[in-house]
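Written out below as structure tokens is the structure these notes cover.
We count ligands from 1, going down the list as the structure has it; atoms in each ligand are counted the same way.
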Amino acid sequence: MKTQVAIIGAGPSGLLLGRLLELQGIDNIIIEAKSPEYVLSRIRAGVLEEGMQMMMREAQVSERMEREGHVHDGFALSFSGRVERIDLKGLTGGKSVMVYGQTEVTKDLMDAREKSGATTFYEAEDVALHDFYGDHPTVTFTKNGQKHTIACEYIAGCDGFHGIARKSVPVDAIKLFERVYPFGWLGILSRTPPVSHELIYANHERGFALCSMRSDMLSRYYVQCRLDEKTEEWSDERFWDELRARLPANTANDLVTGPSIEKSIAPLRSFVAEPMQFGRMFLVGDAAHIVPPTGAKGLNLAASDVHTLFHILRKRYKEGRLDLIAKYSEICLRRIWKAERFSWWMTSILHKFSDDPFNQRIQEAELAYYTSSDAGRTTIAENYVGLPYEAID
Ligand code: RFL
Ligand code: PHB
């Protein structure tokens, strides 16, 4: 088999890149380790920046997002028993975010790919990348016991944090930066109306909490938990009690509870791999970087990598511009490190790191300071809606 771009992974990065390339007539094959059902069962991100929305439009898969997504012009920070709204729209000259689940983004992209007939191999085993430092890279894998080889011109490693692409690079060619946080997020999904029409991020002496949503009748809530805890230790009742305890009294009173339809624990991590290009292989999205979810940046950063790589490959194929290939890492990393910083900062001011009451007071003072100053609120808002994409020229 032969293609122009072999894409490893059918998460949002791989599917979005594949779709954009396909619309430009650039041939690509996606190789994914799991089944489509498994990929769609992972409940993850919920907040899309305008850049990501624009990419969905460019990929001609935005119809359902425009209909079912909810535009959010602000969100709330709760601390010291009070609530401060960050007016995203007012503070950024009209920008907002959209609440539309990653599951839906993935489904829309999968449906479009299926309709177009572009090739995707799901449930591929033993995926391996070869010869990407030379001019003739290949990807091999096994499916239903049969070995396949794809000869390609470029490889996009869109296979997430645990994928094979980053691990295929010689250790001395890559530098890894990492911070692992000493806590996780316990998340539940429930068929209940959201407690607030905007997201609430809560700092509390018992630990962080987040009220989010997927639709008018589907809520997503998180509480900070210990890393050694198991979901079985968290009955729905215990979860709701803990969430209530961490919210301001009015909000806690309004909370509508119900049975959870999904419950999972996610560890929190900051991680960056440098560089992100190795000969004819590129790392994209979670394969190259992880942010703690506190800034709602993971999926959006994946989208900005896709934007950069897509335009570089488009110019490579349509205009013969070979010079841009070597610029991929530096363009992506400039934006990535800023999002890493914001996500780390949001995590540091909102979570409980120790029992030391001094830390709690410092966090409360920092939140009070930022939310009381125009400059402070603006810096939160402009990072939350997403920093601009760099033009590729
Ligand atoms: P993904 O989604 O992990 O997809 C990678 C795909 O590659 C496949 N794969 C392989 N395929 C072939 N061969 C191999 N050897 C392979 N190994 C793996 C996997 O099966 C998978 O299908 O990476 P991608 O596409 O880069 O997308 C990244 C996003 O999924 C991630 O950044 C976000 O979900 C992060 N995130 C959030 N991001 C936001 O922008 N806003 C949010 O509100 C937000 N909330 C969150 C989040 C992530 C969370 N968790 C669970 C980590 C909330 C949570 C709780
Ligand atoms: C979510 O709805 O899953 C969500 C929203 C905002 C975040 C993280 C997760 O910062």
Side-chain angles (χ1 to χ4, degrees), residues 6-18 30-36 38-49 51-52 70 72 75 97-103 105-106 109-110 120-129 139-143 155-168 184-189 194 198-201 208 210-215 218-222 262 264-269 271 283-306 339 342-343 346-347 350 384 386:
I7 299 175
I8 320 293
S13 303
L15 288 165
L16 185 58
L17 179 66
I30 299 185
I31 305 109
E32 162 64 50
K34 306 285 187 188
S35 68
Y38 182 91
V39 172
L40 286 174
S41 71
R42 293 187 294 232
I43 308 289
R44 288 182 165 179
V47 177
L48 310 185
E49 294 172 357
M52 170 76 190
H70 286 260
H72 283 221
F75 70 89
V97 293
M98 183 179 278
V99 169
Y100 187 65
Q102 176 169 335
T103 315
V105 169
T106 309
L109 286 162
M110 272 185 183
T120 312
F121 289 93
Y122 284 99
E123 297 176 283
E125 292 170 77
D126 302 323
V127 178
L129 289 63
V139 176
T140 56
F141 61 96
T142 307
K143 175 149 173 133
I155 302 176
C158 303
D159 51 350
F161 181 66
H162 299 287
I164 191 68
R166 191 183 65 248
K167 291 176 194 145
S168 309
W185 280 16
L186 168 65
I188 71 158
L189 197 63
E198 290 185 344
L199 272 67
I200 304 173
Y201 291 81
F208 169 77
L210 170 60
C211 305
S212 181
M213 67 210 69
R214 291 293 176 273
S215 69
L218 198 54
S219 296
R220 181 79 168 147
Y221 294 108
Y222 298 94
E262 195 265 357
S264 51
I265 293 180
L268 268 66
R269 182 193 301 275
F271 172 85
L283 297 177
V284 182
D286 278 19
H289 42 77
I290 296 289
V291 286
T294 328
K297 288 280 159 267
L299 174 61
N300 292 304
L301 268 189
S304 62
D305 292 354
V306 170
F342 179 65
S343 304
M346 286 282 278
T347 303
L350 288 168
Y384 194 85

Flag [X] as yes when one of its N or O atoms lies below 3.5 Å from any N or O atom of ligand 1, and as no otherwise.
| X | answer |
| --- | --- |
| Val39 | no |
| Ala296 | yes |
| His162 | no |
| Asp286 | yes |
| Arg44 | yes |

Is the shortest side-chain heavy-atom distance between [X] and [Y] below 4.5 Å?
| X | Y | result |
| --- | --- | --- |
| Ile7 | Val284 | no |
| Trp185 | Thr294 | yes |
| Leu299 | Arg44 | no |
| Val47 | His72 | no |

Looking only at atom types and distance, does a side-chain atom of [X] sit under 3.5 Å from a main-chain N or O of [Y], one as donor and one as acceptor?
| X | Y | answer |
| --- | --- | --- |
| Asp159 | Ala165 | yes |
| Asp305 | Gly285 | yes |
| Arg214 | Arg220 | no |
| Lys34 | Gly9 | no |

Heavy atom under 4.0 Å from ligand 2: found in [X]'s side chain, backbone, both, or neither?
| X | value |
| --- | --- |
| Ser212 | side chain |
| Trp185 | side chain |
| Ile43 | neither |

request  = Would you sort out whether Asn300 and Val97 count as a side chain to side chain contact (heavy atoms under 4.5 Å, CB included), showing the intermediate values?
outcome  = CA-CA 11 Å; Asn300 292 304; Val97 293; over 6 Å; no
So for ligand 2, is [X] a polar contact partner (N or O within less than 3.5 Å, distance only)?
| X | result |
| --- | --- |
| Tyr222 | yes |
| Val47 | no |
| Tyr384 | no |

Should you measure from each heavy atom of [X], which atoms of ligand 1 turn up under 4.0 Å away?
| X | answer |
| --- | --- |
| Ile164 | 15 (N) |
| Gly163 | 17 (N) |
| Gly160 | 3 (O), 5 (C), 23 (O) |
| Gly298 | 32 (O), 35 (C), 38 (N), 39 (C), 40 (O) |
| Ile8 | 12 (C), 13 (N) |
| Asn300 | 40 (O) |
| Cys158 | 5 (C), 6 (C), 7 (O) |
| Lys34 | 20 (O) |

Closest approach of any protein heavy atom to [atom], naming residue and atom:
| atom | answer |
| --- | --- |
| atom 38 (N) of ligand 1 | Leu299 N, 2.8 Å |
| atom 24 (P) of ligand 1 | Ser13 OG, 3.2 Å |
| atom 7 (O) of ligand 1 | Asp159 CA, 3.2 Å |
| atom 29 (C) of ligand 1 | Gln102 NE2, 3.6 Å |
| atom 27 (O) of ligand 1 | Pro12 CG, 3.6 Å |
| atom 36 (N) of ligand 1 | Ala45 CB, 3.7 Å |
| atom 20 (O) of ligand 1 | Glu32 OE2, 2.6 Å |
| atom 14 (C) of ligand 1 | Ala33 CB, 4.0 Å |
| atom 8 (C) of ligand 2 | Pro293 O, 3.3 Å |

By number and element, which atoms of ligand 2 are closer than 4.0 Å to a non-hydrogen atom of [X]?
| X | value |
| --- | --- |
| Tyr201 | 6 (C), 7 (C), 10 (O) |
| Leu199 | 5 (C), 6 (C) |
| Thr294 | 10 (O) |

Could you tell me if any non-hydrogen atom of [X] lies under 4.0 Å from any atom of ligand 1?
| X | result |
| --- | --- |
| Arg42 | yes |
| Tyr222 | yes |
| Gly46 | yes |
| Ala124 | no |

Can a non-hydrogen atom of [X] be found less than 4.0 Å from any atom of ligand 2?
| X | answer |
| --- | --- |
| Val99 | no |
| Arg44 | yes |
| Arg214 | yes |
| Tyr221 | no |

Can you measure from [atom1] ([X]) to [atom2] ([Y]) and round to the nearest 0.5 angstrom?
| X | Y | atom1 | atom2 | value |
| --- | --- | --- | --- | --- |
| Ile8 | Ser13 | CD1 | OG | 13.0 Å |
| Glu32 | Phe121 | CD | CZ | 13.5 Å |
| Ser264 | Leu186 | OG | CG | 7.5 Å |
| Phe75 | Tyr384 | CZ | OH | 5.5 Å |
| Leu40 | Thr106 | CG | OG1 | 6.5 Å |

ask   = Out of Ile30, Leu268, Leu16, Val127, whose heavy atom is nearest to atom 13 (N) of ligand 1?
value =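 Answer by nearest heavy atom: Val127.
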So, for [X] and [Y], which heavy atoms are closest and what is the spacing to 0.1 Å?
| X | Y | answer |
| --- | --- | --- |
| Leu350 | Phe208 | O-CB, 3.4 Å |
| Ala303 | Met52 | CB-SD, 3.2 Å |
| Gly386 | Lys297 | N-NZ, 4.2 Å |
| Tyr122 | Ser35 | CD2-C, 4.0 Å |
| Ile164 | Val127 | CG1-O, 3.7 Å |
| Ala10 | Met110 | O-CE, 4.4 Å |

query = Given that the side chain starts at C-beta and the backbone is N, CA, C, O, which of these parts of Ile31 lies under 4.0 Å from ligand 1, counting heavy atoms, or is it both or neither?
reply =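 Answer for Ile31: backbone.
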